[in-house]
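Positions are given from 1, in the same order as the sequence printed here. When a ligand or atom number is given, it counts from 1 through the structure's own listing order.
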Amino acid sequence: MTKVMHFINGKLTANSSNRSGNVFDPALGKVVREVSLAEIADAQAAIAAAHAAFPAWSDTSLTKRQQIMFNFREILNANKQELAAIVTEEHGKTLPDALGEVTRGLEVVEFATGMANLLKGSYSESVSTSIDVYSIKQPLGVVGIISPFNFPAMVPMWFFPVAIAAGNTVVLKPSEKNPSAAIWIAEQLKAAGLPDGVFNVLQGDKVAVDALLTSADVQAISFVGSTPIAKYVYETGTAHGKRVQALGGAKNHMLVLPDADLDLVADSAINAGFGSAGERCMAISVVVAVEPIADELVTKIAARMKELKVGDGRRNCDMGPLITAEHRDKVAGYIEIAIADKATVVVDGRGISVDGDSNGFWLGPTLIDNVSTSSKVYQDEIFGPVLSVVRVSSYAAGLKIINDGVYGNGTAIFTNDGGAARRFQNEVEVGMIGINVPIPVPVSYYSFGGFKSSLFGDTKAHGLQGVHFFTREKTVTSRWLDPSHGGINLGFPQN
Ligand code: NAD
(Lines give C-alpha, C1' and ligand atoms only; values in the text may rest on other atoms or scores of the structure.)
Protein backbone atom coordinates (compact mmCIF):
# COMPACT_ATOMS: atom_id res chain seq x y z
CA MET A 1 0.00 0.00 0.00
CA THR A 2 1.49 3.41 -0.91
CA LYS A 3 2.19 5.76 1.94
CA VAL A 4 1.62 9.49 1.55
CA MET A 5 4.78 11.19 2.77
CA HIS A 6 5.79 14.63 3.99
CA PHE A 7 7.15 17.21 1.57
CA ILE A 8 10.08 18.90 3.25
CA ASN A 9 12.69 21.17 1.69
CA GLY A 10 11.49 20.38 -1.83
CA LYS A 11 11.50 16.59 -1.42
CA LEU A 12 9.10 13.80 -0.52
CA THR A 13 10.33 12.72 2.89
CA ALA A 14 9.61 9.53 4.81
CA ASN A 15 8.42 9.64 8.40
CA SER A 16 10.90 9.04 11.21
CA SER A 17 8.67 6.25 12.54
CA ASN A 18 6.11 3.80 11.16
CA ARG A 19 3.18 5.63 12.70
CA SER A 20 0.53 5.92 9.98
CA GLY A 21 -3.19 6.29 9.34
CA ASN A 22 -5.58 4.91 6.74
CA VAL A 23 -6.84 7.01 3.85
CA PHE A 24 -10.21 5.87 2.49
CA ASP A 25 -11.98 6.24 -0.79
CA PRO A 26 -15.35 6.98 0.83
CA ALA A 27 -17.34 5.96 -2.26
CA LEU A 28 -15.73 2.53 -2.21
CA GLY A 29 -15.54 2.29 1.57
CA LYS A 30 -12.01 0.92 1.39
CA VAL A 31 -8.50 1.98 2.30
CA VAL A 32 -6.66 3.22 -0.79
CA ARG A 33 -3.40 4.33 0.79
CA GLU A 34 -1.77 5.13 4.12
CA VAL A 35 -0.57 8.45 5.42
CA SER A 36 2.50 9.13 7.54
CA LEU A 37 1.71 10.56 10.96
CA ALA A 38 4.54 12.88 11.96
CA GLU A 39 6.59 12.54 15.11
CA ILE A 40 7.99 15.65 16.78
CA ALA A 41 11.29 15.15 14.91
CA ASP A 42 9.46 15.28 11.55
CA ALA A 43 7.68 18.47 12.55
CA GLN A 44 10.99 19.98 13.61
CA ALA A 45 12.50 19.08 10.25
CA ALA A 46 9.65 20.78 8.36
CA ILE A 47 9.81 23.88 10.56
CA ALA A 48 13.63 23.99 10.24
CA ALA A 49 13.35 23.84 6.42
CA ALA A 50 10.86 26.71 6.39
CA HIS A 51 12.97 28.68 8.87
CA ALA A 52 16.11 28.24 6.80
CA ALA A 53 14.31 29.29 3.61
CA PHE A 54 12.85 32.47 5.09
CA PRO A 55 15.78 34.95 4.84
CA ALA A 56 16.34 34.37 1.12
CA TRP A 57 12.63 34.16 0.28
CA SER A 58 11.69 37.33 2.14
CA ASP A 59 14.57 39.10 0.36
CA THR A 60 13.44 37.83 -3.04
CA SER A 61 12.04 40.70 -5.07
CA LEU A 62 8.30 41.19 -5.19
CA THR A 63 8.50 40.87 -8.96
CA LYS A 64 10.05 37.42 -8.70
CA ARG A 65 7.63 36.28 -5.98
CA GLN A 66 4.70 37.37 -8.10
CA GLN A 67 6.11 35.67 -11.19
CA ILE A 68 6.19 32.37 -9.30
CA MET A 69 2.58 32.89 -8.23
CA PHE A 70 1.68 33.58 -11.86
CA ASN A 71 3.45 30.37 -12.91
CA PHE A 72 1.61 28.41 -10.25
CA ARG A 73 -1.68 29.93 -11.37
CA GLU A 74 -1.05 28.74 -14.92
CA ILE A 75 -0.06 25.22 -13.85
CA LEU A 76 -3.04 24.93 -11.52
CA ASN A 77 -5.47 26.20 -14.12
CA ALA A 78 -4.16 23.82 -16.77
CA ASN A 79 -4.27 20.80 -14.45
CA LYS A 80 -7.22 21.51 -12.20
CA GLN A 81 -9.08 18.36 -13.32
CA GLU A 82 -6.20 16.31 -11.95
CA LEU A 83 -6.39 17.97 -8.54
CA ALA A 84 -10.19 17.69 -8.53
CA ALA A 85 -9.92 13.93 -9.17
CA ILE A 86 -7.61 13.57 -6.15
CA VAL A 87 -10.11 15.52 -4.02
CA THR A 88 -13.01 13.35 -5.19
CA GLU A 89 -11.13 10.13 -4.58
CA GLU A 90 -10.21 10.94 -0.96
CA HIS A 91 -13.19 13.11 0.03
CA GLY A 92 -16.10 11.69 -1.96
CA LYS A 93 -17.60 14.95 -3.27
CA THR A 94 -18.67 14.91 -6.91
CA LEU A 95 -16.11 15.83 -9.56
CA PRO A 96 -17.88 19.10 -10.55
CA ASP A 97 -18.01 20.08 -6.89
CA ALA A 98 -14.31 19.25 -6.46
CA LEU A 99 -13.56 21.34 -9.53
CA GLY A 100 -15.54 24.18 -7.97
CA GLU A 101 -13.42 23.92 -4.84
CA VAL A 102 -10.21 24.09 -6.86
CA THR A 103 -11.54 27.09 -8.79
CA ARG A 104 -12.33 29.00 -5.61
CA GLY A 105 -8.78 28.30 -4.41
CA LEU A 106 -7.40 29.42 -7.76
CA GLU A 107 -9.11 32.77 -7.23
CA VAL A 108 -7.02 33.33 -4.11
CA VAL A 109 -3.87 32.53 -6.09
CA GLU A 110 -4.98 35.18 -8.59
CA PHE A 111 -5.55 37.62 -5.74
CA ALA A 112 -2.03 36.93 -4.46
CA THR A 113 -0.52 37.73 -7.87
CA GLY A 114 -1.45 41.33 -7.08
CA MET A 115 0.74 41.35 -3.96
CA ALA A 116 2.91 44.23 -5.22
CA ASN A 117 -0.09 46.50 -4.95
CA LEU A 118 -1.33 44.97 -1.69
CA LEU A 119 2.01 45.45 0.06
CA LYS A 120 2.28 49.15 -0.72
CA GLY A 121 2.84 51.26 2.35
CA SER A 122 2.04 54.93 2.79
CA TYR A 123 4.22 58.04 2.86
CA SER A 124 3.59 61.41 4.46
CA GLU A 125 6.02 64.18 3.66
CA SER A 126 6.89 66.97 6.12
CA VAL A 127 4.78 65.80 9.05
CA SER A 128 7.06 68.07 11.03
CA THR A 129 9.77 70.34 9.76
CA SER A 130 12.04 68.18 7.54
CA ILE A 131 10.49 65.00 8.90
CA ASP A 132 8.75 62.37 6.78
CA VAL A 133 6.78 59.34 8.00
CA TYR A 134 6.16 56.15 6.04
CA SER A 135 5.03 52.59 6.62
CA ILE A 136 6.33 49.30 5.26
CA LYS A 137 4.72 45.85 5.46
CA GLN A 138 7.04 42.92 6.11
CA PRO A 139 6.46 39.16 6.31
CA LEU A 140 6.36 37.39 9.67
CA GLY A 141 8.58 34.33 9.09
CA VAL A 142 7.38 30.71 9.25
CA VAL A 143 3.61 30.29 9.28
CA GLY A 144 1.71 27.08 10.04
CA ILE A 145 -1.49 26.23 8.17
CA ILE A 146 -3.70 23.48 9.61
CA SER A 147 -6.61 22.45 7.41
CA PRO A 148 -9.77 20.29 7.68
CA PHE A 149 -10.92 17.33 5.60
CA ASN A 150 -13.83 19.01 3.85
CA PHE A 151 -11.83 21.26 1.49
CA PRO A 152 -8.42 19.62 1.03
CA ALA A 153 -7.49 21.97 -1.83
CA MET A 154 -9.43 25.20 -1.26
CA VAL A 155 -8.82 25.80 2.44
CA PRO A 156 -4.99 25.57 2.17
CA MET A 157 -5.31 27.95 -0.81
CA TRP A 158 -7.21 30.46 1.32
CA PHE A 159 -3.91 31.05 3.10
CA PHE A 160 -0.66 29.93 1.47
CA PRO A 161 -0.80 32.06 -1.72
CA VAL A 162 -1.14 35.22 0.37
CA ALA A 163 1.41 34.08 2.95
CA ILE A 164 4.02 33.10 0.34
CA ALA A 165 3.53 36.08 -1.96
CA ALA A 166 3.93 38.34 1.09
CA GLY A 167 7.34 36.74 1.74
CA ASN A 168 6.59 34.15 4.45
CA THR A 169 7.50 30.47 4.39
CA VAL A 170 4.90 27.79 5.14
CA VAL A 171 4.38 24.46 6.85
CA LEU A 172 0.99 23.04 5.83
CA LYS A 173 -0.54 20.31 7.99
CA PRO A 174 -3.47 18.95 5.96
CA SER A 175 -6.19 16.68 7.31
CA GLU A 176 -4.93 13.14 7.73
CA LYS A 177 -8.21 11.97 6.15
CA ASN A 178 -7.26 13.32 2.70
CA PRO A 179 -3.54 14.16 2.56
CA SER A 180 -2.75 13.76 -1.17
CA ALA A 181 -4.03 17.10 -2.50
CA ALA A 182 -1.41 18.94 -0.41
CA ILE A 183 1.41 16.88 -1.95
CA TRP A 184 0.12 17.57 -5.46
CA ILE A 185 0.07 21.29 -4.67
CA ALA A 186 3.63 21.16 -3.23
CA GLU A 187 4.92 19.50 -6.39
CA GLN A 188 3.25 22.08 -8.64
CA LEU A 189 4.61 24.97 -6.55
CA LYS A 190 8.07 23.52 -7.03
CA ALA A 191 7.43 23.20 -10.77
CA ALA A 192 6.37 26.88 -10.74
CA GLY A 193 9.84 27.80 -9.49
CA LEU A 194 9.23 28.12 -5.75
CA PRO A 195 12.54 27.58 -3.94
CA ASP A 196 12.87 24.50 -1.73
CA GLY A 197 11.75 25.00 1.86
CA VAL A 198 9.31 27.85 1.16
CA PHE A 199 6.31 25.47 1.14
CA ASN A 200 6.45 22.28 3.19
CA VAL A 201 3.79 19.68 3.90
CA LEU A 202 3.76 17.93 7.24
CA GLN A 203 1.38 14.96 7.41
CA GLY A 204 -0.04 14.06 10.75
CA ASP A 205 -2.39 14.50 13.64
CA LYS A 206 -2.32 16.19 17.04
CA VAL A 207 1.41 15.53 17.45
CA ALA A 208 2.15 17.62 14.34
CA VAL A 209 -0.35 20.33 15.32
CA ASP A 210 1.07 20.66 18.83
CA ALA A 211 4.61 20.88 17.47
CA LEU A 212 3.57 23.79 15.24
CA LEU A 213 1.69 25.50 18.07
CA THR A 214 4.61 25.37 20.49
CA SER A 215 7.65 25.90 18.24
CA ALA A 216 9.47 29.17 18.84
CA ASP A 217 10.30 29.25 15.12
CA VAL A 218 6.66 29.46 14.01
CA GLN A 219 5.29 33.00 14.02
CA ALA A 220 1.66 32.54 13.04
CA ILE A 221 -1.01 29.86 12.69
CA SER A 222 -3.98 29.74 10.33
CA PHE A 223 -6.34 26.97 11.43
CA VAL A 224 -9.64 25.74 10.00
CA GLY A 225 -11.65 22.95 11.61
CA SER A 226 -14.20 22.15 14.28
CA THR A 227 -14.91 24.64 17.06
CA PRO A 228 -13.41 22.70 19.99
CA ILE A 229 -10.10 22.23 18.14
CA ALA A 230 -10.16 25.84 16.87
CA LYS A 231 -10.50 27.08 20.45
CA TYR A 232 -7.67 24.81 21.57
CA VAL A 233 -5.44 25.95 18.71
CA TYR A 234 -6.17 29.61 19.41
CA GLU A 235 -5.52 29.32 23.14
CA THR A 236 -2.37 27.21 22.79
CA GLY A 237 -0.92 29.21 19.90
CA THR A 238 -1.48 32.60 21.50
CA ALA A 239 -0.13 31.30 24.84
CA HIS A 240 3.06 30.55 22.90
CA GLY A 241 3.23 34.09 21.56
CA LYS A 242 1.87 33.43 18.08
CA ARG A 243 -0.54 35.33 15.92
CA VAL A 244 -3.49 32.95 15.42
CA GLN A 245 -6.60 32.93 13.27
CA ALA A 246 -8.70 29.84 14.01
CA LEU A 247 -11.85 29.32 11.97
CA GLY A 248 -14.29 26.93 13.63
CA GLY A 249 -17.58 25.15 13.03
CA ALA A 250 -20.94 26.48 11.96
CA LYS A 251 -24.71 26.09 11.99
CA ASN A 252 -26.05 28.28 9.23
CA HIS A 253 -29.65 29.47 9.04
CA MET A 254 -31.70 30.51 6.05
CA LEU A 255 -34.48 32.92 7.09
CA VAL A 256 -37.42 32.73 4.68
CA LEU A 257 -39.92 35.58 4.78
CA PRO A 258 -43.48 34.95 3.53
CA ASP A 259 -42.99 37.17 0.45
CA ALA A 260 -40.01 35.13 -0.85
CA ASP A 261 -40.04 33.25 -4.14
CA LEU A 262 -40.55 29.75 -2.70
CA ASP A 263 -39.27 27.95 -5.78
CA LEU A 264 -36.00 29.87 -5.56
CA VAL A 265 -35.91 29.12 -1.81
CA ALA A 266 -36.51 25.39 -2.33
CA ASP A 267 -33.79 25.15 -5.01
CA SER A 268 -31.38 27.11 -2.80
CA ALA A 269 -32.13 25.00 0.29
CA ILE A 270 -31.38 21.84 -1.70
CA ASN A 271 -28.13 23.20 -3.14
CA ALA A 272 -26.89 24.64 0.15
CA GLY A 273 -28.17 21.83 2.36
CA PHE A 274 -27.01 18.79 0.40
CA GLY A 275 -24.11 19.98 -1.78
CA SER A 276 -20.95 18.12 -0.74
CA ALA A 277 -23.24 15.91 1.42
CA GLY A 278 -23.69 18.82 3.81
CA GLU A 279 -19.99 18.70 4.73
CA ARG A 280 -19.45 22.41 4.17
CA CYS A 281 -18.92 25.04 6.83
CA MET A 282 -21.19 27.29 4.76
CA ALA A 283 -23.90 24.65 4.26
CA ILE A 284 -27.39 25.71 5.19
CA SER A 285 -28.49 23.34 7.93
CA VAL A 286 -31.56 25.15 9.26
CA VAL A 287 -34.40 26.69 7.27
CA VAL A 288 -36.22 29.20 9.48
CA ALA A 289 -39.63 29.54 7.85
CA VAL A 290 -41.78 32.52 8.81
CA GLU A 291 -45.41 31.35 8.72
CA PRO A 292 -47.70 30.88 6.88
CA ILE A 293 -45.38 29.47 4.20
CA ALA A 294 -43.77 26.49 6.01
CA ASP A 295 -46.14 23.76 4.73
CA GLU A 296 -45.80 24.86 1.13
CA LEU A 297 -42.03 25.24 1.38
CA VAL A 298 -41.49 21.82 3.00
CA THR A 299 -43.59 20.22 0.24
CA LYS A 300 -41.49 21.93 -2.44
CA ILE A 301 -38.17 20.92 -0.83
CA ALA A 302 -39.29 17.31 -0.32
CA ALA A 303 -40.42 17.04 -3.95
CA ARG A 304 -37.02 18.19 -5.19
CA MET A 305 -35.22 15.76 -2.88
CA LYS A 306 -36.81 12.83 -4.73
CA GLU A 307 -34.86 13.88 -7.84
CA LEU A 308 -31.44 13.86 -6.16
CA LYS A 309 -29.09 11.11 -7.27
CA VAL A 310 -26.67 9.87 -4.63
CA GLY A 311 -23.62 7.91 -5.68
CA ASP A 312 -19.95 7.73 -6.57
CA GLY A 313 -18.74 11.28 -7.24
CA ARG A 314 -16.95 10.06 -10.39
CA ARG A 315 -20.31 9.15 -11.91
CA ASN A 316 -23.09 11.48 -12.88
CA CYS A 317 -24.50 12.09 -9.38
CA ASP A 318 -25.65 15.05 -7.31
CA MET A 319 -24.24 13.97 -3.98
CA GLY A 320 -21.47 11.66 -2.83
CA PRO A 321 -20.79 9.70 0.35
CA LEU A 322 -19.75 10.98 3.78
CA ILE A 323 -16.11 11.04 4.77
CA THR A 324 -15.99 7.95 7.05
CA ALA A 325 -18.30 5.18 8.25
CA GLU A 326 -18.13 6.59 11.80
CA HIS A 327 -19.15 10.05 10.64
CA ARG A 328 -21.97 8.61 8.53
CA ASP A 329 -23.26 6.67 11.57
CA LYS A 330 -23.02 9.75 13.79
CA VAL A 331 -24.98 11.86 11.29
CA ALA A 332 -27.61 9.12 10.87
CA GLY A 333 -27.94 9.02 14.67
CA TYR A 334 -29.47 12.52 14.53
CA ILE A 335 -32.47 11.06 12.67
CA GLU A 336 -33.15 8.87 15.73
CA ILE A 337 -32.74 11.91 17.99
CA ALA A 338 -35.23 13.82 15.83
CA ILE A 339 -37.78 11.03 16.19
CA ALA A 340 -37.23 10.89 19.96
CA ASP A 341 -37.65 14.68 20.14
CA LYS A 342 -40.97 14.44 18.26
CA ALA A 343 -39.81 16.31 15.18
CA THR A 344 -41.25 15.25 11.80
CA VAL A 345 -38.87 13.23 9.60
CA VAL A 346 -40.22 14.20 6.18
CA VAL A 347 -37.49 12.47 4.14
CA ASP A 348 -35.29 9.79 5.77
CA GLY A 349 -31.93 9.33 4.05
CA ARG A 350 -31.16 5.97 5.61
CA GLY A 351 -31.25 2.92 3.37
CA ILE A 352 -31.47 4.82 0.09
CA SER A 353 -30.37 3.19 -3.14
CA VAL A 354 -27.16 4.61 -4.59
CA ASP A 355 -25.25 4.59 -7.84
CA GLY A 356 -22.09 3.29 -6.23
CA ASP A 357 -20.34 0.53 -4.31
CA SER A 358 -22.43 -0.96 -1.52
CA ASN A 359 -19.50 -0.50 0.90
CA GLY A 360 -19.46 3.31 0.44
CA PHE A 361 -20.26 5.57 3.38
CA TRP A 362 -23.73 6.49 2.17
CA LEU A 363 -26.48 8.53 3.72
CA GLY A 364 -29.17 10.12 1.60
CA PRO A 365 -30.56 13.65 1.91
CA THR A 366 -32.75 13.98 4.99
CA LEU A 367 -35.39 16.61 5.80
CA ILE A 368 -36.66 17.13 9.34
CA ASP A 369 -39.56 19.51 9.99
CA ASN A 370 -40.85 21.02 13.23
CA VAL A 371 -37.41 20.92 14.85
CA SER A 372 -37.32 22.49 18.29
CA THR A 373 -34.39 24.75 19.22
CA SER A 374 -34.04 22.66 22.40
CA SER A 375 -33.22 19.54 20.33
CA LYS A 376 -29.63 18.45 19.68
CA VAL A 377 -30.67 18.20 16.03
CA TYR A 378 -30.94 21.97 16.09
CA GLN A 379 -28.05 22.74 18.43
CA ASP A 380 -25.22 20.53 17.14
CA GLU A 381 -23.22 21.03 13.99
CA ILE A 382 -24.29 17.77 12.28
CA PHE A 383 -22.04 18.23 9.20
CA GLY A 384 -24.02 15.92 6.95
CA PRO A 385 -27.00 15.90 4.56
CA VAL A 386 -29.60 16.69 7.21
CA LEU A 387 -31.71 19.81 6.72
CA SER A 388 -33.89 21.02 9.59
CA VAL A 389 -36.93 23.26 9.37
CA VAL A 390 -37.79 25.52 12.30
CA ARG A 391 -41.14 27.32 12.08
CA VAL A 392 -41.53 30.84 13.49
CA SER A 393 -44.32 33.40 13.53
CA SER A 394 -42.37 36.54 12.64
CA TYR A 395 -39.14 38.04 11.27
CA ALA A 396 -38.23 39.10 14.82
CA ALA A 397 -38.65 35.56 16.17
CA GLY A 398 -36.49 34.18 13.35
CA LEU A 399 -33.79 36.79 13.88
CA LYS A 400 -33.70 36.04 17.60
CA ILE A 401 -33.12 32.34 16.95
CA ILE A 402 -30.21 33.14 14.64
CA ASN A 403 -28.68 35.67 17.01
CA ASP A 404 -29.04 33.34 20.02
CA GLY A 405 -26.94 30.68 18.24
CA VAL A 406 -23.40 29.97 19.40
CA TYR A 407 -22.03 30.08 15.85
CA GLY A 408 -21.96 33.04 13.51
CA ASN A 409 -20.39 31.83 10.27
CA GLY A 410 -22.91 32.32 7.45
CA THR A 411 -26.59 33.06 7.05
CA ALA A 412 -29.05 33.98 4.32
CA ILE A 413 -32.33 35.80 4.04
CA PHE A 414 -34.82 35.11 1.26
CA THR A 415 -37.30 37.91 0.59
CA ASN A 416 -38.45 40.33 -2.09
CA ASP A 417 -38.54 43.17 0.43
CA GLY A 418 -35.38 45.27 0.13
CA GLY A 419 -36.10 47.04 3.40
CA ALA A 420 -36.37 43.76 5.30
CA ALA A 421 -33.14 42.50 3.76
CA ARG A 422 -31.36 45.72 4.68
CA ARG A 423 -32.63 45.50 8.23
CA PHE A 424 -31.44 41.86 8.43
CA GLN A 425 -27.90 42.68 7.26
CA ASN A 426 -27.75 45.34 9.94
CA GLU A 427 -29.23 43.31 12.79
CA VAL A 428 -27.95 39.76 12.31
CA GLU A 429 -24.84 38.77 14.28
CA VAL A 430 -23.18 36.66 11.61
CA GLY A 431 -19.99 37.28 9.63
CA MET A 432 -21.12 36.36 6.09
CA ILE A 433 -24.61 37.17 4.84
CA GLY A 434 -26.47 36.18 1.69
CA ILE A 435 -29.48 38.05 0.38
CA ASN A 436 -31.35 35.60 -1.85
CA VAL A 437 -27.97 33.82 -2.08
CA PRO A 438 -27.73 30.64 0.00
CA ILE A 439 -23.96 30.11 0.39
CA PRO A 440 -22.45 33.58 0.64
CA VAL A 441 -18.77 32.62 0.40
CA PRO A 442 -16.94 35.90 -0.26
CA VAL A 443 -14.78 36.22 -3.37
CA SER A 444 -11.03 36.18 -2.81
CA TYR A 445 -10.56 39.96 -2.61
CA TYR A 446 -13.03 40.13 0.28
CA SER A 447 -12.35 38.21 3.49
CA PHE A 448 -13.81 34.91 4.72
CA GLY A 449 -14.71 34.39 8.37
CA GLY A 450 -17.52 34.38 10.88
CA PHE A 451 -18.33 35.60 14.36
CA LYS A 452 -18.57 33.98 17.80
CA SER A 453 -17.57 30.27 17.94
CA SER A 454 -16.94 30.27 14.18
CA LEU A 455 -13.76 32.37 14.44
CA PHE A 456 -11.21 32.73 17.22
CA GLY A 457 -8.91 35.68 16.59
CA ASP A 458 -9.44 39.05 14.98
CA THR A 459 -8.57 38.39 11.38
CA LYS A 460 -10.39 36.58 8.59
CA ALA A 461 -8.94 34.63 5.66
CA HIS A 462 -7.75 36.17 2.34
CA GLY A 463 -8.66 39.63 1.02
CA LEU A 464 -7.09 42.59 2.80
CA GLN A 465 -7.49 40.90 6.19
CA GLY A 466 -5.40 37.99 4.92
CA VAL A 467 -2.63 40.35 3.81
CA HIS A 468 -2.83 42.05 7.19
CA PHE A 469 -2.58 38.70 9.00
CA PHE A 470 0.57 37.60 7.17
CA THR A 471 2.46 40.88 7.50
CA ARG A 472 3.49 43.30 10.20
CA GLU A 473 3.88 46.97 9.70
CA LYS A 474 6.83 49.19 10.51
CA THR A 475 6.31 52.91 10.72
CA VAL A 476 9.42 54.95 9.99
CA THR A 477 9.91 58.56 11.03
CA SER A 478 12.86 59.96 9.11
CA ARG A 479 14.85 63.14 8.91
CA TRP A 480 17.68 63.81 6.55
CA LEU A 481 19.62 66.70 7.93
CA ASP A 482 19.81 69.78 5.86
CA PRO A 483 22.43 72.40 6.68
CA SER A 484 20.14 74.16 9.19
CA HIS A 485 20.45 71.97 12.30
CA GLY A 486 17.38 71.94 14.54
CA GLY A 487 19.18 72.26 17.90
CA ILE A 488 18.25 70.65 21.23
CA ASN A 489 14.52 70.33 22.03
CA LEU A 490 13.27 67.93 24.75
CA GLY A 491 9.56 68.33 23.90
CA PHE A 492 7.54 66.74 21.10
CA PRO A 493 8.12 68.54 17.79
CA GLN A 494 5.12 70.76 17.08
CA ASN A 495 5.86 72.29 13.77
P1 NAD B 1 -11.22 18.80 12.84
O2 NAD B 1 -11.31 19.88 13.85
O3 NAD B 1 -11.44 17.39 13.28
O4 NAD B 1 -9.75 18.79 12.16
C5 NAD B 1 -9.18 19.98 11.65
C6 NAD B 1 -7.66 19.86 11.75
O7 NAD B 1 -7.29 19.74 13.13
C8 NAD B 1 -7.10 18.63 11.05
O9 NAD B 1 -5.91 18.99 10.38
C10 NAD B 1 -6.84 17.66 12.18
O11 NAD B 1 -5.75 16.78 11.94
C12 NAD B 1 -6.52 18.57 13.35
N13 NAD B 1 -6.93 17.99 14.64
C14 NAD B 1 -7.96 17.14 14.87
N15 NAD B 1 -8.02 16.83 16.19
C16 NAD B 1 -7.03 17.52 16.79
C17 NAD B 1 -6.58 17.62 18.15
N18 NAD B 1 -7.19 16.95 19.14
N19 NAD B 1 -5.55 18.43 18.42
C20 NAD B 1 -4.92 19.10 17.43
N21 NAD B 1 -5.29 19.03 16.14
C22 NAD B 1 -6.34 18.26 15.82
O23 NAD B 1 -12.19 19.20 11.64
P24 NAD B 1 -12.59 18.34 10.37
O25 NAD B 1 -13.51 17.26 10.81
O26 NAD B 1 -11.38 17.97 9.59
O27 NAD B 1 -13.38 19.43 9.52
C28 NAD B 1 -14.74 19.72 9.71
C29 NAD B 1 -14.91 20.91 10.61
O30 NAD B 1 -14.24 22.04 10.06
C31 NAD B 1 -16.37 21.34 10.75
O32 NAD B 1 -16.61 21.70 12.09
C33 NAD B 1 -16.47 22.55 9.83
O34 NAD B 1 -17.48 23.47 10.15
C35 NAD B 1 -15.13 23.15 10.03
N36 NAD B 1 -14.80 24.04 8.94
C37 NAD B 1 -14.87 25.38 9.16
C38 NAD B 1 -14.60 26.26 8.14
C39 NAD B 1 -14.67 27.74 8.37
O40 NAD B 1 -14.27 28.47 7.50
N41 NAD B 1 -15.16 28.23 9.50
C42 NAD B 1 -14.24 25.78 6.88
C43 NAD B 1 -14.17 24.41 6.67
C44 NAD B 1 -14.45 23.55 7.72
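Less than 4.0 angstrom separates some heavy atom of Glu381 from each of these atoms of ligand 1: 31 (C), 32 (O), 33 (C), 34 (O). For ligand 1 and Phe383, the ligand atoms under 4.0 Å from any heavy atom of the residue are 28 (C), 31 (C), 33 (C), 34 (O). Every atom of ligand 1 with a heavy atom of Gly249 under 4.0 Å away is listed here by number and element: 32 (O), 34 (O). Taking every heavy atom of Asn409 and a limit of under 4.0 angstrom, the matching atoms of ligand 1 come to 41 (N). Residue Leu247 approaches ligand 1 through these ligand atoms, each under 4.0 Å from one of its heavy atoms: 39 (C), 40 (O), 41 (N). Listed by atom number, the atoms of ligand 1 under 4.0 Å from Glu176 heavy atoms are 10 (C), 11 (O).
In this structure, the protein non-hydrogen atom closest to atom 44 (C) of ligand 1 is Asn150 OD1, 3.2 Å. Looking at atom 24 (P) of ligand 1, its nearest protein heavy atom turns out to be Phe149 CD2, 3.6 Å. With hydrogens left out, the protein atom closest to atom 21 (N) of ligand 1 is Val209 CG2, 3.4 Å, a heavy atom. Distance from atom 40 (O) of ligand 1 to its nearest protein heavy atom, with residue and atom name: Phe448 CE2, 3.0 Å. The protein non-hydrogen atom at the shortest distance from atom 27 (O) of ligand 1 is Pro148 CB, 3.3 Å. Of the protein's non-hydrogen atoms, the one nearest atom 39 (C) of ligand 1 is Cys281 SG, 3.4 Å. Annotation: atom 22 (C) of ligand 1 to nearest protein heavy atom, Ile229 CG2, 3.6 Å. When hydrogens are left out, the protein atom nearest atom 7 (O) of ligand 1 is Phe223 CE1, 3.3 Å; that is the closest non-hydrogen contact.
At under 3.5 Å, a nitrogen or oxygen of Ser226, whether backbone or side chain, sits near a nitrogen or oxygen of ligand 1. Ligand 1 has no nitrogen or oxygen under 3.5 angstrom from a nitrogen or oxygen of Thr227. For ligand 1, one of its N or O atoms has an N or O atom of Gly248 under 3.5 Å away.
Counted by atom type alone, Asn15 and Ser36 present zero donor-acceptor pairs between their side chains at under 3.5 Å. Side-chain polar atoms of Asp341 and Tyr334 form no donor-acceptor pair below 3.5 angstrom. Using modelled atom types and a 3.5 Å distance limit, the side chains of Glu39 and Ser17 yield a donor-acceptor pair.
Residue Glu279 does not touch ligand 1, judged by heavy-atom distances below 4.0 Å. For Val224, heavy-atom contacts with ligand 1 shorter than 4.0 Å involve the backbone as well as the side chain.
Salt bridge annotation for Arg280-Glu101: absent, with no cationic side-chain nitrogen under 4.0 angstrom from a carboxylate oxygen. With salt bridges taken as basic N to acidic carboxylate O contacts below 4.0 Å, none links Glu279 and Lys93.
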In sequence, state the C-alpha distance, the side-chain angles, and the governing distance for Lys30 and Asp25, and then conclude on salt bridge (charged side-chain N to carboxylate O under 4.0 Å, His left out). CA-CA 6 Å; Lys30 71 170 196 198; Asp25 179 328; over 6 Å; no

Check step by step if salt bridge (charged side-chain N to carboxylate O under 4.0 Å, His left out) holds for Glu235 and Lys231. CA-CA 6 Å; Glu235 287 170 356; Lys231 189 164 182 289; 3.1 Å; yes

Evaluate Arg104 against Glu107 for salt bridge (charged side-chain N to carboxylate O under 4.0 Å, His left out), listing each step before the verdict. CA-CA 5 Å; Arg104 295 310 299 264; Glu107 288 170 14; 3.2 Å; yes

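Remark: aromatic rings of His253 and Tyr407 are distant, center separation not under 6.0 Å.
The backbone N or O of Ala14 lies less than 3.5 Å from no partner atom in the side chain of His6, so there is not a single donor-acceptor pair. When atom types are taken as modelled, the side chain of Asn168 and the backbone of Phe470 share a donor-acceptor pair closer than 3.5 angstrom.
In this structure, atom 4 (O) of ligand 1 is not in close contact with the protein, since no protein heavy atom lies within 4.0 Å of it.
Residue contact check for ligand 1: Ser147 places a non-hydrogen atom closer than 4.0 Å to it. Contact between Trp158 and ligand 1 is present, with at least one heavy atom of the residue lying under 4.0 Å from the ligand.
The shortest distance between side-chain heavy atoms of Leu247 and Trp158 falls below 4.5 Å.
Between atom 19 (N) of ligand 1 and the options Gln203, Lys173, Lys206, the minimum heavy-atom separation is to Lys206.
When each of Val298, Val371, Leu297 is tested with Arg391 by the rule side-chain contact (heavy atoms from CB on, under 4.5 Å), just one qualifies, namely Val298. A side-chain contact (heavy atoms from CB on, under 4.5 Å) with Pro385 is found for exactly one of Val347, Leu367, Leu363, Leu308, namely Leu363.
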